[in-house]
Undergrad: 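Questions regarding the structure given below will be posed in turn.
Within every chain, numbering begins at 1; the chains are lettered A, B, ... in the order of the sequence lines, protein sequences first and strands thereafter. Side chains included, hydrogens not; waters and symmetry mates left out as well; all remaining heavy atoms used.
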2 protein chains.
Amino acid sequence: MRSNQLIKIIIIDDHDLLREGISARLQDVPYVEIIAEGSNGREAVDLCQRLQPDVLLMDISMPVMNGLEAAEIIRETGIKTRILFLSIYDDNEYIQEALRIGANGFVLKDVSKPEMLNAIKSVAQGATYLGPKVAASLQKGADAQTECATNYGLTKREKQVLALIAEGQLNKEIAYRLDISIRTVESHRSAVRDKTGGGNAARLAKIARDLGL
Amino acid sequence: MRSNQLIKIIIIDDHDLLREGISARLQDVPYVEIIAEGSNGREAVDLCQRLQPDVLLMDISMPVMNGLEAAEIIRETGIKTRILFLSIYDDNEYIQEALRIGANGFVLKDVSKPEMLNAIKSVAQGATYLGPKVAASLQKGADAQTECATNYGLTKREKQVLALIAEGQLNKEIAYRLDISIRTVESHRSAVRDKTGGGNAARLAKIARDLGL
DNA sequence: GCGTATATCCGTATTACTACTGAACGCTGT
DNA sequence: ACAGCGTTCAGTAGTAATACGGATATACGC
């Protein structure tokens, strides 16, 4: 997709006003053509199958079927349409879910015109574009995870033991690896349980993985 | 960062020829200025601290200090410079590690001039830009994971039970949730162990998480 | 020196999980 | 009708983990 080729777009949003705004913005852009519009996810799926647009510009929260569900179905049908989400929320859950499904881009609704065009061109080429605030939100989430990894006040030894538990090692094996008694492993394990509030072995494994192994 | 504002760039690559090629490409672009060049990660860190560029265009594999290490140090120092990686490899490990560190973009060295400018503009604005092949590679990795999730020949019920085990639920709780007997839960659990080769409960949790919960 | 934290070890008792075998019921496809 | 599979439940036995209790040694800061 060269920048001088026509990019065919479908716009999906349940608010008429917003669709009109987008249309107005893109009307005088020579390399972009809006070939259809719709107001829910079901229409998005139908229109993409019939018209095979280059880019699907879609909201997330919509009646009947939301954007994420629609995107998942479209991805499953194997249509090559690039999906660019346009949301009012920079919610981490949404963003990660969108990327997991295979979305090509994600921008917020306060996006400027040049940035919107930039995003459209990028995803049309097959690139992945995440708007500034979206990227910042994702990064913040990653930071929070990293920060969390230093918590619970676990000592070095306890972290070592926890990591081996998460691997699925038995106390016996952990004792052998760290060259300590099984009873000591049990003590550390008990301390980890107390500090993290985890009971079950599987729960400890979950906690360990949340903390980055 | 408006598109008509000057974007100050530092280029880091250990191949002189490649740096010269990039310079030549960007020389006649009015809104981009190359303010420094370097040939390894150590120089990248120094130059970014002294000159505070808008964008750091950097290779990954380099002598002395590679790009990923340099990026991590730069991120830790809190410098606002956007980092755009330029690599010959679309290796999934590299890409994910780069994004984890907090890189703003990733393109391959076969990038066209308009796409390169698009990427530079995008990251300068604070967006995240992943080139077409990079995005494809990431998606391929995600698909592989999803495919793996359908393996081991687990039945629906077994997957349900495994998911709850991974949550750290006790057999008793799982039985209550699924409204079946504890013995049945034990049967399913046993079947899962047999099929996955997992022994320990913590190991089952690990397997479940590898399969995407 | 003293208190605190960490790491190390032990005993006893209960609970949860693992290993093995067996069996009944419903559904699917031949 | 029959075989195969998935789901359901049960018995019996052993092993691992959890929940209490207590103990010693070493290092570190005040």
Undergrad: Using 4.0 Å as the upper bound for N to carboxylate O, is an ion pair formed by B/E72 and B/R75?
TA: no
Undergrad: Please list, chain by chain and in numerical order, all residues satisfying side-chain hydrogen bond (donor to acceptor under 3.5 Å, both in side chains) with A/D13, sequence neighbours excluded.
TA: A/H15, A/K109
Undergrad: For residues 83-91 of chain A, run the donor-acceptor check on the side chains, cut-off 3.5 Å, and write out each pair with its distance to 0.1 Å, sequence neighbours left out.
TA:
{"unit_1": "A/S87", "atom_1": "OG", "unit_2": "A/Y89", "atom_2": "N", "d": "2.9"}
{"unit_1": "A/S87", "atom_1": "OG", "unit_2": "A/Y89", "atom_2": "O", "d": "3.3"}
{"unit_1": "A/D91", "atom_1": "OD1", "unit_2": "A/E93", "atom_2": "N", "d": "3.4"}

Undergrad: Let's see if you get this right: which residues in residues 170-184 of chain B place a heavy atom under 4.0 Å from DNA chain C?
TA: B/L170, B/N171, B/K172
Undergrad: Want to settle it: does B/S187 or B/N200 sit nearer the 5' end of DNA chain C, counting the closest nucleotide to each?
TA: B/N200
Undergrad: With sequence neighbours left out, what residues match B/E69 under side chain to side chain contact (heavy atoms under 4.5 Å, CB included)?
TA: B/M65, B/N66
Undergrad: List for me each residue that meets side-chain hydrogen bond (donor to acceptor under 3.5 Å, both in side chains) alongside A/E33, sequence neighbours excluded, and say none if there are none.
TA: none
Undergrad: Taking the side chain as everything from C-beta on, heavy atoms only, tell me whether B/L51 gets closer than 4.5 Å to B/I10.
TA: yes
Undergrad: Who passes side-chain hydrogen bond (donor to acceptor under 3.5 Å, both in side chains) against A/K133, sequence neighbours left out?
TA: A/D110
Undergrad: Output all residues satisfying side chain to side chain contact (heavy atoms under 4.5 Å, CB included) with B/E37, sequence neighbours left out; order by chain, then residue number.
TA: B/I11, B/R19, B/S23, B/I34
Undergrad: Can you pull the contact range of chain A along DNA chain D, 5' to 3', using atoms under 4.0 angstrom from its heavy atoms?
TA: D/dA16 to D/dA19
Undergrad: May I have the list of side-chain donor-acceptor pairs in residues 173-185 of chain A shorter than 3.5 Å, sequence neighbours left out?
TA:
{"unit_1": "A/E173", "atom_1": "OE1", "unit_2": "A/L170", "atom_2": "N", "d": "2.8"}
{"unit_1": "A/S181", "atom_1": "OG", "unit_2": "A/R183", "atom_2": "N", "d": "3.0"}
{"unit_1": "A/R183", "atom_1": "NE", "unit_2": "A/E186", "atom_2": "OE1", "d": "3.3"}

Undergrad: Tell me: NE2 of A/H188 to P of C/dT6, nearest whole Å?
TA: 11 Å
Undergrad: If I take atom CG in residue B/L164 and atom P in nucleotide C/dA16, what distance separates them, rounded to the nearest angstrom?
TA: 17 Å
Undergrad: A/L204 has an atom CG; how far is it from atom P of C/dA16, in whole Å?
TA: 16 Å
Undergrad: For B/R157, check side-chain hydrogen bond (donor to acceptor under 3.5 Å, both in side chains) against everything at least two apart and list the hits.
TA: B/Q160
Undergrad: Please tabulate, for the side chains in residues 41-50 of chain A, all donor-acceptor contacts under 3.5 angstrom to protein atoms that are two or more places apart in sequence or on a different chain.
TA:
{"unit_1": "A/E43", "atom_1": "OE1", "unit_2": "A/S39", "atom_2": "N", "d": "3.4"}
{"unit_1": "A/E43", "atom_1": "OE2", "unit_2": "A/S39", "atom_2": "OG", "d": "3.2"}
{"unit_1": "A/E43", "atom_1": "OE2", "unit_2": "A/N40", "atom_2": "ND2", "d": "3.2"}

Undergrad: Note down the inter-axis angle between the two ends of the helix from C/dG1-D/dC30 to C/dT30-D/dA1, five pairs each, to the nearest 10°.
TA: 50°
Undergrad: CD of A/E186 versus C1' of C/dC10: gap in Å, rounded?
TA: 10 Å
